[in-house]
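Since the structure comes first, as structure tokens, the remarks are kept for the end.
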Amino acid sequence: MTLDDLVEVLLNKGAVLHLDLIVAVADIPLIGVSVRAAVAGMETMLEYGMMRHWDEATRAWAERSVARRALDLREGERVLSRMAGGHLLTGGVYHGWRPGTVYLTDQRLVVLRDEPREILWQAELDAVRQVRLKPERTVGGEERLRLEVALADGRRELLSAREPETLHDLLSRSGAGRLAPGAAAGEEPAVAEGHLWYEEPRRSGPLWRGGRARLTASRLTWKSPVDARPALVLPLTDLAEVGRAPGYGPAGEGSVLVLRTGAGDELRVAADDPARWVRWLESARPVAAAG
């Protein structure tokens, strides 16, 4: 095996090292070393649920650091979220999307352009009266969710975001948004969120990957930390049955859940706390079915 082959194996699959070493002088054992270690690329580590707490803490610290350098924060202002996005400019001669970075702080919602540096749009959170997700069909025919923000002065502004549902939920939780009666199911806040493993179908065979799951009253989504979009989107109206699979999974014995759809498909996820996820899914499923 060449060095390139070894590096490829470590990055893509990883290796588990079991090493027992005894240091002896004049045939007299003096020091014993026992090493058990897993060596793999960070993507592989995260897919298998390893080092996820370190990864989440590091990502949060990096986002706070970058946000503080990019956005001139007020005294005591704290960044809650930062993601790629944009603002739809409708006034004046120019009409179109202006890309930038969307910042949600505990005081305001800001769309900032880095080069040249300029605040494209911002609003104080206490001026936001309603937020809702609005589907929009792009020129290429793809349907995307936009975030419509209604302000106290009667204006309605349209924002794009890399994770519009996450931004919508954060705005709602921060007290900025007040969901209108009869809002669409996609606007509902999360019922549960947490780490799950998903058995992702692949040509070479199914592979367990670790990531974050989000359950609302309408659907279950799952996304790996290294993915741009959710790899699993399951409308709860399609969920016919939730069960526990016997045997071992990534989180130990009895950790695998089997999700069966009305079309006969079978999806498998695994959880550190499978019993709680079964309760969450079972309680959310009748709500979706009744709607």
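Basis for what follows: all heavy atoms, side chains included, without hydrogens, waters or symmetry-related copies.
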So do Leu236 and Ser218 actually touch side chain to side chain, heavy atoms under 4.5 Å? no
Rounded to the nearest 0.5 angstrom, the OG1-CG distance for Thr101 and Leu71 is 10.0 Å
Given Leu159, which partner from the list Leu120, Leu88, Leu109 fulfils the side chain to side chain contact (heavy atoms under 4.5 Å, CB included) test? Leu109
Ile31 vs Val33, side-chain contact (heavy atoms from CB on, under 4.5 Å): CA-CA, chis, key distance, verdict: CA-CA 7 Å; Ile31 300 175; Val33 179; 4.2 Å; yes
Hey, could you give me the CG/CG distance between Asp72 and Leu112, rounded to the nearest 0.5 Å? 8.5 Å
In terms of hydrophobic clustering (I, L, V, M, F, W, Y; side-chain heavy atoms under 4.5 Å; direct or indirect links), are Leu158 and Leu125 co-clustered? no
Should Arg108 and Glu77 be marked as a salt bridge (charged side-chain N to carboxylate O under 4.0 Å, His left out) after you check the CA-CA gap, both sets of side-chain angles, and the distance that decides it? CA-CA 9 Å; Arg108 55 184 170 151; Glu77 186 176 17; 2.7 Å; yes
Could you tell me the separation between the CG atom of Leu89 and the NE2 atom of His95, rounded to the nearest 0.5 Å? 8.0 Å
Just wondering, do Trp277 and Leu220 contact through their side chains at under 4.5 Å, heavy atoms? yes
The reported gap from NE2 in His168 to CD in Glu148 (rounded to nearest 0.5 angstrom) is 10.5 Å
SB check Arg117 Glu115 (cutoff 4.0 Å): no
Hey, does the side chain of Arg244 reach the backbone of Gly254 with a donor-acceptor pair shorter than 3.5 angstrom? yes
Applying the 4.5 Å side-chain criterion to the ILVMFWY set and letting contacts propagate, would Tyr248 and Val278 be lumped into a single cluster? no
Could you walk me through whether Lys223 and Glu163 pass the side-chain contact (heavy atoms from CB on, under 4.5 Å) test, one step at a time? CA-CA 11 Å; Lys223 186 170 80 70; Glu163 299 178 5; 3.8 Å; yes
Which pairs count as salt bridge (Lys or Arg N to Asp or Glu O under 4.0 Å) when at least one residue sits in residues 17-26, sequence neighbours excluded? Asp20-Arg36
State, yes or no, whether a side-chain contact exists between Arg212 and Glu193 at a heavy-atom distance under 4.5 Å. yes
Within 45° of the axis and under 6.0 Å from the centre of the six-membered ring of Trp208, does NZ or CZ of Arg268 qualify? no
Could you give me the CA-CA distance, side-chain angles and deciding distance for Arg146 and Trp97, then say whether side-chain contact (heavy atoms from CB on, under 4.5 Å) is met? CA-CA 12 Å; Arg146 307 301 190 187; Trp97 285 100; 3.7 Å; yes
Check for me, please, whether Leu171 and Leu80 land in the same ILVMFWY cluster - side-chain distances under 4.5 Å, paths through other members count. yes
Are Val79 and Leu104 side-chain neighbours, meaning at least one heavy-atom pair lies under 4.5 Å? no
Residue pair Leu133 / Pro164, side-chain heavy-atom distance below 4.5 Å: yes
Are Ile119 and Tyr103 grouped together when hydrophobic residues (ILVMFWY) are joined by side-chain heavy atoms under 4.5 angstrom apart? yes
Treating Arg276 as the side-chain partner and Arg279 as the backbone partner, does any N or O pair qualify as donor plus acceptor under 3.5 Å? no
What are the two closest heavy atoms between Trp197 and Ala251, and how far apart are they? CZ3-CB, 3.5 Å
Any side-chain heavy-atom pair from Leu267 and Leu234 closer than 4.5 angstrom? yes
Where does the angle between the aromatic ring planes of Trp121 and His87 fall among parallel (under 30°), tilted (30 to 60°) and perpendicular (over 60°)? parallel
Inspect the surroundings of CG in Leu21 and state if more than 12 heavy atoms from other residues, nucleotides or ligands are less than 6.0 Å away. yes
Contact between Val149 and Val128 at the side-chain level, heavy atoms closer than 4.5 Å - yes or no? yes
Side chain proximity check, Leu281 to Leu215, heavy atoms < 4.5 angstrom: yes
Using a strict cut-off of less than 4.0 Å between a Lys/Arg side-chain nitrogen and an Asp/Glu carboxylate oxygen, indicate whether Arg144 and Glu136 qualify as a salt bridge. no
Say you draw a straight line from CG of Asp272 to OG of Ser255; how long is it, rounded to the nearest 0.5 Å? 8.0 Å
Same apolar cluster: Ile22 and Val25, side chain cutoff 4.5 Å: no
Any carboxylate oxygen within less than 4.0 angstrom of a Lys/Arg side-chain nitrogen, looking at Glu124 and Arg74? yes
Value for CZ (Arg162) from CE (Met83), rounded to nearest 0.5 Å, stands at 6.0 Å
Does the pair Arg129 and Leu151 meet the rule for a side-chain contact (heavy atoms from CB on, under 4.5 Å), with working shown? CA-CA 5 Å; Arg129 291 295 176 263; Leu151 302 177; over 6 Å; no
